[in-house]
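Heads up, the thing below is written out as structure tokens.
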Amino acid sequence: MAQEEGGSLSEVLARVGASHNITDLAHKLHFYDHWAPDYDQDVAALQYRAPHLAVDCLTQALSGPPHTALILDVACGTGLVAAELQARGFLQLHGVDGSPGMLEQARARGLYQRLSLCTLGQEPLPSPEGTFDAVLMVGALSEGQVPCSAIPELLRVTKPGGLVCLTTRTNPSNLRYKEALEATLDRLEQAREWERLLAWPVDQWELATTKFEVVPGTPNSDGFISGIVYLYRKQEASRLRE
């Protein structure tokens, strides 16, 4: 594990580990409300790379000038993904999250044109069908957060030909969820709802919260857990009719 600095890293690891262990959605949202003011500094200490990696993938695949693309950031949290998007020239950003505390932090960034309170999995996204050029969900696909059954809702609000970018952890405690997630992703591809453009495994995703999350003898045994970025393109309406 990385060396602790004045005990602060150990406190961060304890908070993040606690969030990973909460599997009840209402309890998790309450936890995030209280965590929101410290969230950015905590995940920075954790060397959390998912927002940067996801936006890199999206930027490379999205055609056209970035400032013309309308983007939805689902489970937007404090707005880390929006900061990465703005740095690459994306300006039309909408965000949704189930935590009022997280939305308050996101609103303070001033990067979103619209922010909405929405608990995906319990209610639909507050947008019409085929609204967005791209939809991202970074860091919310795990037990006690967004259920796999909500994935089609992301597709619903994506324009035909638009992109959907997703991430999840691949550490031992999240493998059961990842298996269920990939079954859902594959079913949608078999139904010709979308096509996979990328599945990018990443060894150094974030620091492990405990030694039990590190797999010995793997590239992540330096104290990091692994994760994966998925990128899909929604099928064009003409291809769906074939």
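In this text, all values refer to a predicted model and were calculated from it rather than measured experimentally.
Using a 4.5 Å heavy-atom cutoff, the side chains of Leu70 and Thr131 are in contact. Within the 4.5 Å cutoff, the side chain of Leu9 has heavy atoms near those of the Leu13 side chain. Inter-residue side-chain proximity for Leu185 and Leu166 is flagged as met; some heavy-atom pair is nearer than 4.5 Å. With contacts defined as side-chain heavy-atom distances shorter than 4.5 Å, the pair Arg169/Ser142 qualifies. A 4.5 Å side-chain heavy-atom check between Leu207 and Phe224 finds at least one atom pair inside the cut-off.
Considering every non-hydrogen atom in both Leu93 and Leu111, the closest pair reads CD1-O, 3.7 Å. Considering all non-hydrogen atoms of both residues, Lys28 and Gln145 come closest at CD-CG, 3.2 Å. Taking each heavy atom of Asp97 and Cys76 in turn, the nearest pair found is OD2-N, 3.3 Å. Summarising the geometry of Pro66 relative to Phe90, their closest heavy-atom pair is O-CD2, 3.4 Å, with the distance given to 0.1 Å. Residues Val229 and Ala54 approach most closely at CG1-CA, 4.2 Å, considering heavy atoms. When every heavy atom of Leu120 is checked against every heavy atom of Ala150, the shortest pair comes out as CG-CB, 3.7 Å.
Other residues sharing the hydrophobic cluster of Leu91, ordered by chain and number and joined by side-chain separations under 4.5 Å: none, the residue standing alone.
Taking the ring pair (Phe, Tyr, Trp, His ring centres under 6.0 Å) definition, one finds that Tyr112 meets it with nothing, sequence neighbours left out. By the ring pair (Phe, Tyr, Trp, His ring centres under 6.0 Å) test, His34 is found to be paired with His30, residues two or more places apart in sequence or in another chain being considered. Partners of Asp24 by side chain to side chain contact (heavy atoms under 4.5 Å, CB included), not counting sequence neighbours, listed by chain and number: Ala26, His27. With sequence neighbours left out, the side chain to side chain donor-acceptor pair (under 3.5 Å) criterion links Glu84 to His52, Arg88. Taking Tyr232 as the reference, Trp194 meet the ring pair (Phe, Tyr, Trp, His ring centres under 6.0 Å) condition, with sequence neighbours excluded. For the side chain to side chain donor-acceptor pair (under 3.5 Å) test, residues two or more places apart in sequence or in another chain that qualify with Tyr230 are Glu182. Contacts of Tyr177 classified as ring pair (Phe, Tyr, Trp, His ring centres under 6.0 Å), with partners at least two apart in sequence or in another chain: none. Taking the side chain to side chain contact (heavy atoms under 4.5 Å, CB included) definition, one finds that Asp40 meets it with Thr78, Leu80, Arg109, sequence neighbours left out. Applying the side chain to side chain contact (heavy atoms under 4.5 Å, CB included) test to Thr119 and every residue at least two apart in sequence or in another chain returns Leu25, Leu29, Gln122, Glu123. Considering only residues two or more places apart in sequence or on other chains, Glu206 meets the side chain to side chain donor-acceptor pair (under 3.5 Å) condition with none of them.
Pairs passing the ring-ring contact (aromatic ring centres under 6.0 Å, His included) check and including a residue from residues 146-173, sequence neighbours excluded, do not occur.
Residue Leu115 holds its CG atom at 11.5 Å from CD of Glu104, rounded to the nearest 0.5 Å.
By the 6.0 Å contact criterion, CD on Gln92 is enclosed, its count of non-hydrogen atoms from other residues, nucleotides or ligands being greater than 12.
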